[in-house]
Protein chains: 2
Amino acid sequence: MKASFEHVECKHCSNRFKSVFCKTENDMINEIEALKICSSIKKGDTIFREGSYASGVYCINAGKVKLSMFGDEGKEQIVRLAKPGDIIGYKALLSGDKYSSTASALEDCNVCFIPREIFLVILQKDAALSFEMMKVLSNELRQAEEKITHLAQKPVRERVAETILFLKETYGLDADNIVNVSLTREEIANLVGTATETAIRLLSEFNKDNIIELIGKKIKIIDQQKLTKTANLYD
Amino acid sequence: MKASFEHVECKHCSNRFKSVFCKTENDMINEIEALKICSSIKKGDTIFREGSYASGVYCINAGKVKLSMFGDEGKEQIVRLAKPGDIIGYKALLSGDKYSSTASALEDCNVCFIPREIFLVILQKDAALSFEMMKVLSNELRQAEEKITHLAQKPVRERVAETILFLKETYGLDADNIVNVSLTREEIANLVGTATETAIRLLSEFNKDNIIELIGKKIKIIDQQKLTKTANLYD
DNA sequence: GCTAAAACATGATTTTTATCATGTTTTATA
DNA sequence: TATAAAACATGATAAAAATCATGTTTTAGC
């Protein structure tokens, strides 16, 4: 159930200039403003579901969101993590298809729904938005292809380390070097592409080796260099 | 070395209407025509290389192209296969970055190079092209995410079967149900994300089980239904 | 604060898949 | 067409990772 929350006008949204709408003119922002539907999403709630018809995109105003695909036996694979300023659900909208993944809130969120029609109209009118959109898609695609390569070629150990670094890049660090997101071990496994037990084991191993410190669901990065080396990444 | 080949005018190009330029107006097509550089690429030759500066996109006029990323020990992962009418090299161009993969010809090819500037200018002017571009990107991204899920969750056997079906979808069948592409076993392995020996073993197994028939490098599909079942796909 | 469920943890075992070894066949080219 | 190199094939072995089993801790809801 989506409860509406107090509107922040799009043009004053703190995420505006770090979002895909950074180059979009005020008049178009106002068109979106007029038609958007904002809602509060509780932690764990589903924003949209794989296979359902795409009626618009969602702009994340606050909170963190995971996008998952479910394999044959219903096993989750997390294919993307989104943060405030990100939009989700655009793939389906652009390809005119159904949602290919399920979006659910990792914590309480505020999201703004932008109906299909207005988004497509503005995309037609605003070359800058289209271009930003293409940039976002290109970056996602490059990342996805890297992930494919790593899944195919790197051992789980390296991929777990890499995932911790990815979480750091995506959500940043709190004071005290703590990665600013809480995922269950199962979710980490579903992001890495491994069994939950394997992820747990490797995390405790990294903990023992003083690469990270496990503080409940939080991960504190103790030795960034060692972590990068464990991930076998040098760039 | 790229030798030029006899120009086919873009507006008369047989691939035009099945390409991303299907909705692009004649005057813009002519602008491309004026600046494109066509060349013949020999089988095995590199069209562009991962890490080099993206100076434009390539439109494939004839032939088949593989796009590969190279992992830590230089191991190839094929991330995309392209066919006539497809464009390659757009990710790097759009994100303003270097090529993230290496393109090489699987057979003799004719490709048309469209310089960065004109492509970007037309992208700005032509909302229809931008939209088609976004559709292409969205579809690629969805496919990539599916591939991630399958790499993480499906056993090699299913992925090999799936890859044969993917090759069929991409390049079609000759008369007599033969998949219209020749890849080495190593390339098939690098597409599946497995060891060459494992790919070889599974292909011979499928051969023995009368699912496919191996005719040199060609694969003939004997039992499509069994193949789909082996891939654990029902859609 | 009690209780059930979920999440976390860890050892033992099995399965899957990669690697290694070796030989044959095909392909390219001198 | 001779010859080397690449590609293909297959058995044996090793390594990696999943699964199974079981117990503990944490979390959420009454």
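In what follows, chains carry the letters A, B, and so on, assigned in the order in which the sequence lines appear, proteins first and then strands, with residues in each chain numbered from 1. Reckoned from all heavy atoms, side chains included, excluding hydrogens, waters and symmetry mates.
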**salt bridge (Lys or Arg N to Asp or Glu O under 4.0 Å) partner of A:E162, the single match among A:K154, A:K229, A:K147** = A:K154

**Message:** How many whole angstroms separate atom CG of A:L214 from atom C1' of D:dT26?
**Reply:** 15 Å

Tabulated below should be each protein N or O lying under 3.5 Å from an N or O of nucleotides 5-8 of chain D; please produce it.
unit_1 : atom_1 : unit_2 : atom_2 : d
D:dA7  : O3'    : B:K217 : NZ     : 3.1
D:dC8  : OP1    : B:K217 : NZ     : 2.9
D:dC8  : OP2    : B:R185 : N      : 2.7

**Item:** A:Q77 side, atom CD; B:T149 side, atom OG1 - distance, nearest 0.5 Å
**Value:** 5.0 Å

**Request:** Kindly determine whether A:R201 and A:E205 satisfy salt bridge (charged side-chain N to carboxylate O under 4.0 Å, His left out), including the steps that lead there.
**Result:** CA-CA 6 Å; A:R201 257 183 268 269; A:E205 202 180 304; over 6 Å; no

**Message:** Expressed as a whole number of angstroms, how long is the span from A:F206:CZ to C:dA9:P?
**Reply:** 14 Å

**Asked** What's the CD-C1' distance between B:E73 and C:dT19, to the nearest Å?
**Response** 14 Å

**Message:** What is the distance, to the nearest angstrom, from the CD atom on B:E197 to the P atom on D:dA14?
**Reply:** 16 Å

**Option among B:K75, B:E50, B:E76 that satisfies the side-chain hydrogen bond (donor to acceptor under 3.5 Å, both in side chains) test with B:S68** = B:E76

**Request:** Before accepting this row, confirm whether a basic side-chain N of the pair A:K91/B:E145 lies closer than 4.0 Å to the acidic partner's carboxylate O.
**Result:** yes

Could you run down the sub-3.5 Å N/O contacts of the protein with nucleotides 12-17 of chain C?
unit_1 : atom_1 : unit_2 : atom_2 : d
C:dT17 : OP1    : B:V156 : N      : 3.0

**Prompt:** What integer distance in Å separates B:L203:CG from C:dT25:P?
**Reply:** 19 Å

**A:K220 NZ to A:D176 CG distance, which is reported to the nearest 0.5 Å** = 3.5 Å

**Asked** Quick one: CD1 on B:I87 to SG on B:C112, what's the gap to the nearest 0.5 Å?
**Response** 12.0 Å

**Prompt:** Would you call the rings of A:F48 and A:Y99 parallel, tilted or perpendicular, where under 30° means parallel and over 60° means perpendicular?
**Reply:** parallel

